[in-house]
Each structure stands twice: as C-alpha cells, then as structure tokens.
2 protein chains.
Amino acid sequence: MAGATPVRRPYAARMAPDERRTQLLDTALGIALERGFHDVTIDGVARAAGVTRPVVYGLFADRAALLDALVDRAEVRALAQLAPSLPAVPGLHDDVDPDELLLAGLAAFLSAVQADPDTWRVVLLPPEGGPAELTARMTAGRRGALRALRELVEWGIARRGGPDLDADLFARTVLTLSEGAARLLLQQPGRYPPERFAAFTRALLGGLLPA
Amino acid sequence: MAGATPVRRPYAARMAPDERRTQLLDTALGIALERGFHDVTIDGVARAAGVTRPVVYGLFADRAALLDALVDRAEVRALAQLAPSLPAVPGLHDDVDPDELLLAGLAAFLSAVQADPDTWRVVLLPPEGGPAELTARMTAGRRGALRALRELVEWGIARRGGPDLDADLFARTVLTLSEGAARLLLQQPGRYPPERFAAFTRALLGGLLPA
DNA sequence: CTATGTTGCTACAGGTGTGTAGCAATTCCG
DNA sequence: CGGAATTGCTACACACCTGTAGCAACATAG
C-alpha cells in the first residue's frame, strides 16, 4: 500500500528539566504503587509519561538512579512531615507521661500518613524486587527508626514502672504495629480510622498500669 | 581453528518426572529465598538445576504454575506442621486460660518455624514481584488465618474479663507480631530464641490482668 | 525571520527471558 | 542386542528491556 510513510511520533510537549523530572518521578511513583518497584522500568516510565527513553536517560543515569530518586523524594517528604512531632527522649524525672507520649507519637504518625498517602505507601512498600541498593537503603532507614524508638522505649519503661519489659522487643513491637496500622489506614481508611488505633492502644496501655 | 564442532551439551542425569519435579521445586525454592519470587524464572531454575528450559516446561506449564506449585508445597507443609497444635475455640466457660492458650499457640508456631525454616521463609516472604495470582493467593491465606484467630480472640477477651479490647485489631496484632517474631527467629535465632518471645508475651499479658 | 540552544526522536546493538517444535541420546524390556 | 518409550537437547521466533549516538523539531532572542 502506502510508500513507507515513516510515521514520525507526535512530539511530546516540551518541558524544562526540573518539571520533566518531577513528572517522571510521579509517573514512576504511580507504577511502583500499582505494581511494585520491580515493575518500574525506564521503558515503562517513558511510555507512561508519553515520552521516549532517551528523555528519561537525560534525567536519570539508569534504573537504579531513578528508583533511588523516587524513594529519596519520598523519604524527604515523609521526614519533613514527621520531624515537627518527633519527641526527644525526656529525662528520667521529667513530668511526661510515657503513655501519652506514645499515643501522641502514633497520632502524629498516622495523621502524616493520612495527609500524604502516596508518599507513605512508598516508604511502607516492601523493597523486594528493587535493586539490592534499594533494599539496603530502606532496611537502613528502618534500623534508624528502630534505634530512635528503642531509646524512647527504654526511658518509657523505666519511667513508667509497670512490668519490666524487653526494651528491644517492645520497640520492635511498636514499630511493627505502627506500620501495620498505617497499612490498614491506607487500605481501608473507612474501617480503620486513626481514632480506632488510638482507642485500642489506649485500652492496651490502660490495662498495663503499674502494680 | 577447529571446524565448528557443535559442542553438544553434556546430557543431564535422567530422572523420573516426580523426582525432577521436586528437584526443580527445590531449586526454585533456593532462588526464591535468596533473591525473592521475582527472580524465580524458568530459565534461571533450569540453569541452576543443570537442565534446559524444555525440561522445566515439561513439568510446569509456565512461570506462574511453577511459583504456584512452589508456594503450594510450602503451604501444605506449613499446615501439616501446624495442624496438630491448632486449638479449637473453647466454650465460654471451659476451664481454659486464654493467656496460656495464646502462649501455647505462639510456642507451637515458633517451633514449627524453627523445625522447617525454609518452608516458613516462603510463607512469610512478601509476595511482591510474583504474578498477581500469587499475591492474591497469599493474601487469601492470611485472611483465613486472621478469621480463625479472630474467633479465638473474641472468646479470649470475653473469657478473660480484662480491658474490653477491639477483637479485630487484637487478632491482627497477634498475627502481625507472630509473623514478626518468626522473621526475627529466622534471621537471628541466636539473639531471638523462642523463649525470649514467650517471656515478653507473658510479661505483657501478665500486666494486663483483669481489674 | 533567522540563528542558536534546548528538548525530544529514531535507530541500533545487545542482553535476558518466554514458550514451542522437532530432533537426539538413553533406558528398558522383550 | 534391538526396538519402543522416555527423557533431554537444539534452534527458532518473539517480546521487552538497557544504553547510546546522532539527527530533527521546537522556541526564542536578536
């Protein structure tokens, strides 16, 4: 039929590098949330953004760099939201109620999650499938969180005078349950509003009064 | 140099289908545990097993079927180990201590994990990266476990007479923490022996005595 | 209405994986 | 020892992804 009309691709809207960069990150974010990190490919992102691969390569060195930038942005955002409400470890005799501190922390965390769900979805996503660097990175982040929590918890246990709990396990418990709560909140905000977790936690802690 | 000697591949040891099948599943298991489901490919399994792809295709229809068989086997094994110690829901007035029931359940679970770590590693592996079917399947399994747990927990809360806890959240808490404990046990059995979790749980529950 | 920089595109070369058709080596049994 | 029957292998046709080199379209300032 027709004599090989080469069919040039319609030119994508031009965009300043910064703008394109965030557009591409948003696109990558969408794919990561839908199908996991392992399905974030340069090719896929380019197509989803309506652009060709070289455009992506102009802004990110390779797939690893793209993913890195993606979680980097998420971490920065997440921390920015959280930082204001991160409590320092009080002194042993300060007049601070450990239970209230924990509840306040949980509330702050959950409301951050609620305020910017997609960011937190990334942070909470299992790193499986990403390159090893990514996994290492996210594991390191979790370890940091755990360390900070453990200090708080040690203070809390000493201060509180209830049962003498294993601080390490308790810190892990708090972290794990908080993440679990966040996941439920993200999946079914209707059924699992923050207040529900607050009430549950309060009931648990209330039962744990010092003898 | 040489006149195109075609270099035939050394013939792999012949094997009856059933035997080969389990060999391939074992190989796939190894890869899954090392690098996650997403890196279990027909090609990779074939190579790791010292065999060519058609051999694998002779036993599994495709990658999805292979993964399905893999987790299938793991689920069967896991359930077989667990079934003997799965408690039925006691009557409201039966003479059973809910705390002891929970502790016994945890102990049984952790000792199953310890007895067959690789099987449980599969069950506890995040399904991310596998095909959607796999994710659906593993999610369904978790839902089943949760349903069973919730019934037990409802009984326990009523029977116990402590604080009136949200049964759904409590069941989720137990499930999440048990999984977490299993993961720790699998990663660092030295630092996190089953008794440590038992002691921690006992301390927690002990603090929760009915008023 | 050009000239120049910017942004995007095409095209290539290569890697790894999927799934299938048809042939070749082995094994086993008469 | 000589056929089946069984088991494994080679080869092919795709599909999708990675990176890169060089060209084409656009935008804007003069």
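Protein chains get the first letters and strands the later ones, always in sequence-line order, with residue 1 at the start of each. Just so it is clear, the model here is predicted, and its values are computed rather than measured.
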Review point. Going by distance alone, is a donor N or O of one side chain under 3.5 Å from an acceptor N or O of the other, for B:Arg183 and B:Tyr192?
Key: no
**Study point:** Qualifying ring-ring contact (aromatic ring centres under 6.0 Å, His included) pairs, either residue in residues 59-84 of chain A, two or more places apart
**Key:** none
Could you list the donor-acceptor pairs under 3.5 angstrom formed by side chains in residues 82-90 of chain A, with sequence neighbours left out?
from	atom 1	to	atom 2	distance (Å)
A:Ser85	OG	A:Leu82	O	3.1

Practice item. Take the C1' atoms of the five end pairs on each side of the helix from C:dC1-D:dG30 to C:dG30-D:dC1, get both axes, and report the angle to 10 degrees. Key: 10°
Exercise for review: For DNA chain C, find the residues of residues 27-39 of chain A with a heavy-atom distance under 4.0 Å and give them by number; none if there aren't any.
Suggested key: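 Within this stretch, nothing sits under 4.0 Å of the strand.
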**Study point:** Within residues 43-66 of chain B: residues closer than 4.0 Å to DNA chain C (heavy atoms)
**Key:** B:Asp43, B:Arg47, B:Arg53, B:Pro54, B:Tyr57, B:Asp62, B:Arg63
Please tabulate, for side-chain N and O atoms in residues 101-118 of chain A, each donor-acceptor pair with protein atoms closer than 3.5 Å (sequence neighbours left out).
from	atom 1	to	atom 2	distance (Å)
A:Ser111	OG	A:Ala108	O	3.4
A:Asp116	OD1	A:Thr119	OG1	3.2
A:Asp116	OD2	A:Thr119	OG1	2.8
A:Asp118	OD1	A:Arg121	NE	3.4

Review point. With sequence neighbours left out, what residues match A:Arg77 under salt bridge (Lys or Arg N to Asp or Glu O under 4.0 Å)?
Key: none
Point to revise | Evaluation steps, side chain to side chain contact (heavy atoms under 4.5 Å, CB included), between A:Val122 and A:Leu29 | key: CA-CA 8 Å; A:Val122 171; A:Leu29 174 70; 3.0 Å; yes
Look for any protein N or O under 3.5 Å of an N or O in nucleotides 26-30 of chain D and output each such pair with its distance, or none.
from	atom 1	to	atom 2	distance (Å)
D:dC26	O2	A:Arg14	NH2	3.0

Run the side chain to side chain donor-acceptor pair (under 3.5 Å) test against [X] and tell me which residues pass, sequence neighbours left out.
X: A:Glu128; answer: none
X: B:Asp62; answer: none
X: B:Arg14; answer: none
X: B:Arg47; answer: B:Asp43

Revision key, fill the gap. To the nearest angstrom, the CD-C1' distance between A:Glu19 and C:dG8 comes to 15 Å
Check your understanding: Can A:Arg137 and A:Asp68 be said to form a side chain to side chain contact (heavy atoms under 4.5 Å, CB included), step by step?
Key -> CA-CA 9 Å; A:Arg137 221 197 126 143; A:Asp68 205 56; 3.0 Å; yes
Review point. When you measure from the side chain of A:Thr176 to the backbone N and O of A:Thr173, does any donor-acceptor pair fall under 3.5 Å?
Key: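 Checking the backbone N and O of A:Thr173 against the side chain of A:Thr176, no donor-acceptor pair under 3.5 Å is found.
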**Study point:** B:Arg63 side chain to B:Val40 backbone, donor-acceptor under 3.5 Å
**Key:**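 Checking the backbone N and O of B:Val40 against the side chain of B:Arg63, a donor-acceptor pair under 3.5 Å is found.
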Review point. So, is A:Arg9 close to the D:dA24 phosphate, meaning a side-chain N or O under 4.0 Å from OP1 or OP2?
Key: no
